[in-house]
Asker: 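Before I ask anything, here is the structure I am working with.
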Amino acid sequence: MIAGFSEKIAKIHTLDGLISFSTSTPSIRKSQNYSSAILLSMKRQEFNQRYDEALLSHIVVDEYDCYIEHNEPFSDEEIKNLKTLWQGKL
């Protein structure tokens with residue numbers, strides 16, 4: 001469901017990066033490597049955090065941290081919609 005939220009989304013990382021899902025949108029990040037330490041450092045920063053050339057946003061779904069890698073910033077309206085979709089789980 002998260003992957004279909006926006007065409008801006010390239011990847012979704014969960015379980016501190018142990019599991020990653022790609023969408024049909026290629027990431028603009030030049031490096032395809034990642035570090036769970038980087039993901040964890042962004043854990044409480046929430047939305048539109050710089051992640052190399054891309055952006056990273058953090059939400060919690062069913063008690064699991066999800067890191068959404070996206071190519072363009074989420075708008076205020078998109079952030080509001082994400083929070084509404086996962087109300088009570090952020």
Side-chain angles (χ1 to χ4, degrees):
M1 182 170 190
I2 296 171
F5 175 78
S6 171
E7 290 186 13
K8 296 176 182 178
I9 298 172
K11 293 183 179 181
I12 300 164
H13 307 282
T14 191
L15 296 177
D16 299 331
L18 291 176
I19 298 176
S20 294
F21 302 95
S22 295
T23 69
S24 59
T25 301
S27 176
I28 60 173
R29 282 185 69 227
K30 292 177 184 163
S31 172
Q32 294 304 305
N33 296 329
Y34 66 90
S35 164
S36 60
I38 291 172
L39 296 179
L40 291 172
S41 73
M42 296 183 173
K43 188 172 185 173
R44 296 293 170 221
Q45 297 179 16
E46 292 195 354
F47 296 97
N48 295 329
Q49 298 303 306
R50 183 61 50 198
Y51 185 49
D52 296 331
E53 299 83 8
L55 298 159
L56 199 68
S57 294
H58 172 257
I59 62 172
V60 177
V61 179
D62 294 333
E63 300 180 20
Y64 293 98
D65 292 303
C66 293
Y67 303 89
I68 304 169
E69 184 178 328
H70 45 106
N71 294 330
E72 299 172 41
F74 288 135
S75 68
D76 290 341
E77 185 68 24
E78 288 171 314
I79 291 170
K80 179 182 171 186
N81 289 339
L82 266 173
K83 287 181 175 183
T84 299
L85 282 173
W86 305 109
Q87 188 172 23
K89 298 179 183 180
L90 289 176

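Quick note: numbers below take in every heavy atom, side chains included, and nothing from hydrogens, waters or symmetry partners. Throughout, residue positions are numbered sequentially from 1 according to the sequence presented.
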Asker: Hydrophobic clusters here meaning ILVMFWY residues chained together by side-chain heavy-atom distances under 4.5 Å, can you tell me if Ile28 and Leu55 are in one?
Answerer: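 In one cluster with Ile28: Leu55, no.
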Asker: Going from CD on Glu69 to OG1 on Thr23, what distance comes out if it is rounded to the nearest 0.5 angstrom?
Answerer: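 The OG1 atom of Thr23 is 9.0 Å from CD of Glu69, to the nearest 0.5 Å.
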Asker: Do His58 and Met42 make a side-chain contact, defined as non-hydrogen atoms from C-beta onward lying under 4.5 Å apart?
Answerer: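 No, too far: nothing below the 4.5 Å cut-off.
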Asker: In chain order, what residues pass the ring pair (Phe, Tyr, Trp, His ring centres under 6.0 Å) check against Phe74, with sequence neighbours excluded?
Answerer: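 Only His70 meet the ring pair (Phe, Tyr, Trp, His ring centres under 6.0 Å) criterion with Phe74.
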Asker: A side-chain contact here means heavy atoms from C-beta on lying under 4.5 Å apart; do Lys8 and Glu78 qualify?
Answerer: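 Yes - at least one pair of side-chain heavy atoms lies under 4.5 Å apart.
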Asker: Between Leu56 and Tyr67, what is the shortest heavy-atom contact and its length?
Answerer: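 Heavy atoms only, the tightest pair is CD1-CB, 4.0 Å.
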Asker: Could you report the tightest heavy-atom contact between Pro26 and Asn71, atom names first, then the distance?
Answerer: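 In this case the closest contact between Pro26 and Asn71 is O-ND2, 2.8 Å.
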Asker: Tell me if the CD atom of Glu7 is crowded by more than 12 foreign heavy atoms within 6.0 Å.
Answerer: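 Open.
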Asker: Which value, rounded to the nearest 0.5 Å, describes the distance between Glu46 atom CD and Ser57 atom OG?
Answerer: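 Those atoms lie 9.0 Å apart.
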Asker: If you measure from CG on Leu82 to OG on Ser6, what distance do you get to the nearest 0.5 Å?
Answerer: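 Atom-to-atom, Leu82:CG and Ser6:OG are 8.5 Å apart.
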Asker: What's the spacing between Lys80 NZ and Glu77 CD if we round to 0.5 Å?
Answerer: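 Between Lys80 NZ and Glu77 CD, I get 5.5 Å after rounding to 0.5 Å.
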Asker: Minimum heavy-atom separation for Ile2 to Ile9, with atom names?
Answerer: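 That closest heavy-atom pairing would be O-CD1, 3.2 Å.
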Asker: Within this structure, what is the NE2-OG distance for the pair His13 and Ser36, rounded to the nearest 0.5 Å?
Answerer: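 One finds 11.5 Å between NE2 of His13 and OG of Ser36.
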Asker: Kindly determine whether Ser20 and Ile12 satisfy side-chain contact (heavy atoms from CB on, under 4.5 Å), including the steps that lead there.
Answerer: CA-CA 6 Å; Ser20 294; Ile12 300 164; over 6 Å; no
Asker: Any chance you could measure Ile68, atom CD1, to Thr14, atom OG1, to the nearest 0.5 Å?
Answerer: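 If we round to the nearest 0.5 Å, Ile68:CD1 and Thr14:OG1 are 10.5 Å apart.
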Asker: Carefully, step by step, assess Leu39 and Asp65 under the rule side-chain contact (heavy atoms from CB on, under 4.5 Å).
Answerer: CA-CA 10 Å; Leu39 296 179; Asp65 292 303; over 6 Å; no
Asker: Looking at residues at least two apart in the chain, or sitting in another chain, which of them share a salt bridge (Lys or Arg N to Asp or Glu O under 4.0 Å) with Asp16?
Answerer: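 With neighbours one apart ignored, the set is empty.
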